[in-house]
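Chain identifiers are assigned alphabetically (A, B, ...) following the order of the sequence lines, protein sequences preceding nucleic acid strands; residue numbering begins at 1 within each chain.
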Amino acid sequence: ARFSTSLFYNTPFDETILEVLVCPVSKKPLRYDKEKNELVCEESGIAYPIVDGIPNLVPQDARIINKDTVDRNESPPKTQNK
Amino acid sequence: MAAPLKISGFCCRNEKPLANFIYRFLSTNSATKNETRPKNESRETHFGFETVAEDEKEERVYEVFKNVAGKYDLMNDAMSFGIHRLWKDHFIHRMAPVEGTKLLDVAGGTGDIAFRFLQYIQSQNDDPIMVEESFSIPTNIEAGAYSIPSDYAEEEKIDLSGYKEDTSHVTVCDINQEMLNVGKSRAEEAGIFTGIDWVQGNAECLPFEDNSFDAYTIAYGIRNCTHVDKVLTEAFRVLKPGGRFMCLEFSQVNNLGLRRLYDSYSFEVIPVMGQVLARDWKSYQYLVESIRQFPNQKKFAAMIRQAGFGMVTYENLTFGVSAIHSGYKLLKVVK
């Protein structure tokens, strides 16, 4: 039987995983933003969402951060194909 | 289908008009779509027997696994008559991991390899001399290192992943969220709360530092990736020097008589099974076609060497239906 994703709705994000995770684009460490539930790479200017307690580090799914305003930019960073 | 069939003539789809009719009826993408595609497509690759743009392949593969995730384990058992469990058991036996191993399991969505890894090490700890011959995925693990009641964990806020230097740990990385969700719920059902992490990521662009894992596994995932060479290069990058790369994948059956049998089973039975059990003919058609498109044992071994690995070997399972490839990131890179 399929489990609906709402089962994990309250799953806390386990921060110990940050010891191994880096931004796939820049390979630099990530910052955990608790409020937005994202992992932020300041250097690349992108933020990765955490869905149901599982961090999504696929570059195309990341959000580009605009320093001035919160910018929900749809287009993916172009740096994936190095 | 525009692409010629790369299998023995015995299993030509035209010989089976009923299967062919059912297939056409259910297929939404058709050969005509490919014919009207502009000729100046920048880069193309294969999606099963179909030719698609490279960008498109990743998306189509994502859709396939999103659709099959719910019935993935059931279909694996049905299609292989449960033999896939033996292949995976053997794979872990070959790895023979020791306590303290940091494993990265790529495309490991539903957790088959990850759970076996943890179970193997736990059984080594319990009984170092005798190892259980048959492994089965537990639905209920006895209290031990990997089973902590969830209310205890919440109260104490303990380190759930247990990522310490000396403990074994597996990080499961998959590009597909649905597959990871299935894996995570299976872990919870089995009472596995520690020693495992789940990350959504792309095998061609891994979110891990260089030289960070002792072992890397990819089971039945690499043939679905758009750029196999990039996956291998990334695998090389994230492994520590001395680290081991292991791949379990469908491969070529060299014995001609058996191949005919295997091909007719693949093309006549499996998609129908997919339709009956999972109401999804196309995904299983893609599955059997993608197996034919993947390089054979020798070619794949050469690709692994190309990525920098040394001591590259392979072992056939069930006459080559599956194969285990293994390589090491040697300290001195010889190309």
A:D61/B:Q200 under side chain to side chain contact (heavy atoms under 4.5 Å, CB included): CA gap, chis, key distance, verdict: CA-CA 10 Å; A:D61 297 344; B:Q200 187 173 357; 4.2 Å; yes

Taking all non-hydrogen atoms of both residues into account, name the closest pair between A:K27 and B:E209 and its distance.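 Heavy atoms only, the tightest pair is O-CG, 4.5 Å.
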
Heavy atoms only: give me the nearest B:F208-A:V20 pair and the separation to one decimal.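 Nearest pair, atom of B:F208 first, then A:V20: CD2-O, 3.6 Å.
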
Passes side chain to side chain contact (heavy atoms under 4.5 Å, CB included), B:E59 versus A:Q60? Steps please. CA-CA 11 Å; B:E59 211 178 288; A:Q60 285 109 320; over 6 Å; no

Among A:V51, A:L30, A:N56, A:I50, residue most engaged with chain B (heavy-atom pairs, under 4.5 Å):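 Ranked by heavy-atom pairs under 4.5 Å with chain B, first place is A:N56.
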
Hey, mind stepping through B:N181 and A:I54 against side chain to side chain contact (heavy atoms under 4.5 Å, CB included) and telling me if it holds? CA-CA 9 Å; B:N181 286 342; A:I54 298 176; 3.8 Å; yes

If you round to the nearest 0.5 Å, how far is CG of A:L21 from CG of B:L206?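 If we round to the nearest 0.5 Å, B:L206:CG and A:L21:CG are 11.0 Å apart.
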
With a cut-off of 6.0 Å (strictly less than), are more than 12 heavy atoms of other residues, nucleotides or ligands near CZ of B:R279?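 No, because the 6.0 Å sphere around CZ of B:R279 holds 12 heavy atoms or fewer from other groups.
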
